[in-house]
Visitor: 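Below are the structure tokens for one structure; questions will follow.
So you know, we letter chains A, B, ... as the sequences are listed, proteins then strands, and number each from 1. Just so we're clear, the structure is a prediction, and the values are computed from it rather than from any experiment.
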Amino acid sequence: MNYWLVKSEPDHYGWHHFIEQGRAIWEGVRNYQARNNLKAMQLGDQVLFYHSVIKPGVVGLAKVVQEAYPDPTVANEPAQAKFGWVVVDLEPIMLLDKPVPLALIKAEPLLANISLIRQSRLSVMPIRPDEFELILKMGQKENYE
DNA sequence: GCCAACGTTGGC
DNA sequence: GCCAACGTTGGC
């Protein structure tokens with residue numbers, strides 16, 4: 001089992017969209033490193049769902065329900081076809097009791113090396129198991145009040 | 001709205 | 001191959 005974090009702007013596609021649809025095709029990734037991370041995702045991997053720009057922070061937990069396949073939206077952008085962009089399908093597992101804001105992640109010494117901070121512009125990234133567990137814990141009601 | 005970080009493009 | 005210019009992401 002591997003752990004990941006994906007970013008989305010809530011104005012564009014937020015957690016509530018995800019819940020309404022019940023399943024997301026994680027389309028539109030146009031960065032090599034992010035694409036390679038999508039390709040490395042395996043069925044059942046767990047994925048932190050992060051809101052960027054507006055109240056940045058981790059809001060929920062999802063899982064990989066379909067491994068990488070060609071991005072269907074490339075059909076609208078023929079010039080992109082040669083790059084081999086891919087998508088995965090995700091389904092929600094749960095909303096965190098409370099969001100884990102970026103500010104709190106930055107303030108936590110145990111998360112000093114998390115890719116979210118070190119590579120702030122990457123939109124799909126691996127998360128270490130210990131980092132993953134800690135963020136989930138921080139999102140539980142009884143912790144970090 | 002501003003700006004830092006960083007990826008991409010294109011001239012040389 | 002280097003690097004300046006430019007565009008985008010995303011935090012504040």
Visitor: Does a side-chain N or O of A:K55 approach OP1 or OP2 of C:dC12 to a distance below 4.0 Å, or not?
Guide: no
Visitor: What integer distance in Å separates A:I54:CD1 from C:dG11:P?
Guide: 11 Å
Visitor: Kindly say whether A:R23 contributes a backbone atom to a donor-acceptor pair with the side chain of A:Q21 at under 3.5 angstrom?
Guide: yes
Visitor: Using whole Å, what does the distance between atom P of nucleotide C:dC12 and atom CD of A:E9 come to?
Guide: 15 Å
Visitor: Can you confirm whether the side chains of A:R30 and A:T73 place a donor and an acceptor under 3.5 Å from each other?
Guide: yes
Visitor: Please report the distance, rounded to the nearest Å, between CZ in A:R35 and P in B:dT8.
Guide: 11 Å
Visitor: Taking CD from A:Q119 and P from B:dC6, how many angstroms apart are they, rounded to a whole number?
Guide: 8 Å
Visitor: Tell me yes or no: between the side chains of A:Q80 and A:W85, is some donor less than 3.5 Å from an acceptor?
Guide: yes
Visitor: Rounded to whole Å, how long is the line connecting atom CG of A:L122 with atom P of B:dG7?
Guide: 9 Å
Visitor: Is any side-chain nitrogen or oxygen of A:Y50 closer than 4.0 Å to OP1 or OP2 of C:dG11?
Guide: yes
Visitor: In whole Å, what is the span from the NZ atom of A:K106 to the P atom of C:dC12?
Guide: 4 Å
Visitor: Using every non-hydrogen atom in the two residues, find where A:V29 and A:R35 come nearest and quote the distance to one decimal.
Guide: CG1-N, 3.8 Å
Visitor: Within this structure, what is the CG-to-C1' distance between A:N31 and C:dG7, rounded to whole angstrom?
Guide: 14 Å
Visitor: Starting the side chain at C-beta, find the nucleotide from B:dA5, B:dT8, C:dC12 nearest to A:R121.
Guide: B:dA5
Visitor: Take the protein atom CH2 of A:W85 and the nucleotide atom C1' of B:dT8, then report the distance between them rounded to whole Å.
Guide: 11 Å
Visitor: When you check the phosphate oxygens OP1 and OP2 of C:dT9, does a side-chain N or O of A:K7 lie under 4.0 Å from one of them?
Guide: no
